[in-house]
Amino acid sequence: MDYDSIHVSTFEGEITAFNDIKINDRLEGVISFKNTKKGDGGYSLKVYTNDSIIRQLHFGYYTNGSSLNSAFEVFIENDTIKVFEE
């Protein structure tokens, strides 16, 4: 299934958006901490098709406005989203 877009962000931060994603696309991006408060939180991932959220996931953890991970690998499958933390 192709997706209109995938949005990734900290809970209150700016959105990193990937648009017009095709099956088997491999994407890279940086999660912005620009508007993230200096507290603790996690990340939000939303997958859109036909302007509707079809999947969403909250994952990971950051503290004092900084990530505890160097990277995440995200796999979107037909019935689930898998996130591997590095």
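Residue numbers run from 1 in the order of the sequence given.
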Sub-4.5 Å side-chain heavy-atom contact between Phe11 and Thr36: no
Test item: Asp4 side-chain N/O and Asn50 main-chain N/O as donor-acceptor pair under 3.5 Å: yes
Using the rule that two of Ile, Leu, Val, Met, Phe, Trp, Tyr join whenever any of their side-chain heavy atoms come within less than 4.5 Å, decide whether Ile54 and Phe18 are in one cluster. yes
Does CG belonging to Asn19 count more than 12 external heavy atoms closer than 6.0 Å? yes
Do Tyr48 and Ile31 share a hydrophobic cluster, counting only Ile, Leu, Val, Met, Phe, Trp and Tyr and linking them when any side-chain heavy atoms are less than 4.5 Å apart? no
Ile6 and Ile76: side chain to side chain contact (heavy atoms under 4.5 Å, CB included), yes or no, with the steps? CA-CA 10 Å; Ile6 298 172; Ile76 301 172; 3.4 Å; yes
Give the table of side-chain donor-acceptor pairs shorter than 3.5 Å for residues 56-74, with sequence neighbours excluded, one pair per line with atom names and distance.
{"from": "Tyr61", "atom 1": "OH", "to": "Asp40", "atom 2": "OD2", "distance (Å)": "2.9"}
{"from": "Tyr62", "atom 1": "OH", "to": "Glu12", "atom 2": "OE2", "distance (Å)": "3.2"}
{"from": "Thr63", "atom 1": "OG1", "to": "Asp40", "atom 2": "OD1", "distance (Å)": "2.6"}
{"from": "Ser67", "atom 1": "OG", "to": "Tyr43", "atom 2": "OH", "distance (Å)": "2.9"}
{"from": "Ser67", "atom 1": "OG", "to": "Asn69", "atom 2": "N", "distance (Å)": "3.0"}
{"from": "Ser67", "atom 1": "OG", "to": "Asn69", "atom 2": "O", "distance (Å)": "2.9"}
{"from": "Asn69", "atom 1": "ND2", "to": "Glu85", "atom 2": "OE1", "distance (Å)": "3.4"}
{"from": "Asn69", "atom 1": "ND2", "to": "Glu86", "atom 2": "O", "distance (Å)": "3.4"}

Less than 4.5 Å apart, any side-chain heavy atom of His7 and any of Ser9? no
Is the closest side-chain heavy-atom distance between Ile21 and Leu27 below 4.5 Å? yes
Minimum heavy-atom separation for Asp2 to Thr49, with atom names? O-OG1, 3.7 Å
Decide yes or no for Ile81 and Val47: does some side-chain heavy atom of the first lie under 4.5 Å from some side-chain heavy atom of the second? yes
Selection residues 20-29 - residue pairs positive for salt bridge (charged side-chain N to carboxylate O under 4.0 Å, His left out), sequence neighbours left out: none
